**Q** 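Shown below is the structure under consideration.
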Amino acid sequence: DNEGIEGQKVDLVQDGLLRDMLMSRIPNLDIEVSNGHGRSLMGDPVRGMPSNMVVEAPHKSEKKFLRAAWALAAPYDLDYLLVVRRLADAAVASKGGTKLFSFFDRRESSGLSDPVEVVRLYPDGREEGVRGYRFGHVDRRTLRDIATAGQSETRTFLHSHRGSSWSLTYGLPTTLTAPEVLITELELVPIEEVGDKPPLLESPLAEN
């Protein structure tokens, strides 16, 4: 890490309970030594922060995952599933012309960044794009509504705003590996203003 300590694997949460903490050389009441996670930008205080975080959970195959999703949709008499494929990059937002990095959308009471890719998935595998929605109120209790997990994906978040107080990683790149999840109830709220319509033709550079 930035303090010359070899990084160790740290199991932060197990069975819903906090078991350990990411530590720099700055001790706290419970942990006196570093476990190699002291990170900072030049001139900023060194803090215990993640660089490569992995969320592991018992998961289902894609086929069983979709089967569970259709079972949850049945009581609502829907012939489609709503699949959120991508969120705005960890809620990169603007404040006074300055880009800020946060895992939370500060508008109203939503606790997730806006969905930027949502599709209706039909039983025959057909997909239909959906636009003009954001999440309603989301908080940590939403985690209780996770019915099951699927396959994992890896993304790297990078933001250059130096020492942003909105950022859980203070502007440092962090790689996150987490599974797709099936949530029993999550509200999508229509928004009044919708951005420009996507182009009719794909970019000629898409294949390159």
Side-chain angles (χ1 to χ4, degrees), residues 50 53-55 57 59-60 62 65-95 98-161 164 166-169 173-203 206:
M53 181 173 288
V54 179
V55 179
H59 62 276
K60 297 180 181 293
E62 188 68 19
F65 185 83
L66 288 175
R67 191 181 304 157
W70 285 114
L72 285 176
Y76 297 94
D77 294 327
L78 296 176
D79 63 346
Y80 62 85
L81 301 174
L82 277 178
V83 181
V84 179
R85 290 269 168 78
R86 187 163 63 92
L87 304 179
D89 290 344
V92 174
S94 274
K95 184 178 181 181
T98 301
K99 290 291 184 181
L100 300 176
F101 180 92
S102 170
F103 283 100
F104 299 98
D105 187 342
R106 290 173 294 284
R107 293 180 308 169
E108 298 183 1
S109 58
S110 176
L112 285 175
S113 54
D114 290 336
V116 295
E117 184 180 355
V118 183
V119 299
R120 287 193 182 103
L121 177 64
Y122 293 92
D124 59 1
R126 179 170 53 90
E127 295 184 357
E128 182 181 273
V130 178
R131 302 176 67 245
Y133 284 91
R134 63 175 175 81
F135 291 114
H137 178 70
V138 179
D139 58 24
R140 291 177 178 84
R141 287 174 293 183
T142 304
L143 296 174
R144 300 177 183 176
D145 296 329
I146 295 178
T148 189
Q151 304 301 309
S152 292
E153 292 192 13
T154 300
R155 295 288 185 270
T156 298
F157 301 103
L158 174 63
H159 188 62
S160 60
H161 182 63
S164 169
W166 294 98
S167 171
L168 297 181
T169 58
T174 300
T175 297
L176 173 65
T177 299
E180 58 181 349
V181 292
L182 177 61
I183 300 177
T184 55
E185 291 188 11
L186 186 60
E187 185 180 13
L188 283 173
V189 181
I191 57 178
E192 296 181 359
E193 296 182 4
V194 180
D196 296 334
K197 293 183 179 180
L200 297 176
L201 300 177
E202 293 186 359
S203 168

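Fair warning: this is a prediction, and the values are worked out from it, not measured in the lab.
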**Q** Indicate the atoms forming the closest heavy-atom contact of Val189 with Gly136, along with that distance.
**A** CG2-CA, 3.7 Å

**Q** Can you name the nearest heavy-atom pair linking Pro179 to Gly150, along with the distance?
**A** CB-O, 3.4 Å

**Q** Starting at CH2 of Trp70, measure out to CG of Leu78 and round the result to the nearest 0.5 Å.
**A** 8.5 Å

**Q** Which heavy atom of Arg134 sits nearest to which heavy atom of Pro115, and what is that distance?
**A** CA-CD, 3.8 Å

**Q** Taking the side chain as everything from C-beta on, heavy atoms only, tell me whether Leu188 gets closer than 4.5 Å to Phe135.
**A** yes

**Q** Please report the shortest heavy-atom distance between Pro50 and Thr174, naming the atom on each side.
**A** O-OG1, 3.5 Å

**Q** Check whether any side-chain N or O of Thr184 sits under 3.5 Å from a backbone N or O of Ala147 as a donor-acceptor pair, and report yes or no.
**A** no

**Q** How about Leu176 and Met53: do any of their side-chain heavy atoms sit closer than 4.5 Å?
**A** yes

**Q** In Å and rounded to the nearest 0.5 Å, what is the CD1 to CG distance from Ile146 to Leu186?
**A** 10.0 Å

**Q** To the closest 0.5 Å, what do you measure between OG1 (Thr148) and NE2 (His59)?
**A** 9.5 Å

**Q** Between Leu82 and Arg120, is any pair of side-chain heavy atoms under 4.5 Å apart?
**A** yes

**Q** Check whether more than 12 heavy atoms from other residues, nucleotides or ligands sit under 6.0 Å from atom CD of Glu185, and answer yes or no.
**A** no

**Q** Where do Phe65 and Lys60 come nearest, in terms of heavy atoms and distance?
**A** N-CB, 4.0 Å

**Q** Can you tell me how far apart CG (Leu121) and CZ (Arg126) are? Round to the nearest 0.5 Å.
**A** 9.5 Å

**Q** Please determine which of Glu153, Glu127, Glu180 meets the salt bridge (Lys or Arg N to Asp or Glu O under 4.0 Å) test together with Arg85.
**A** Glu127

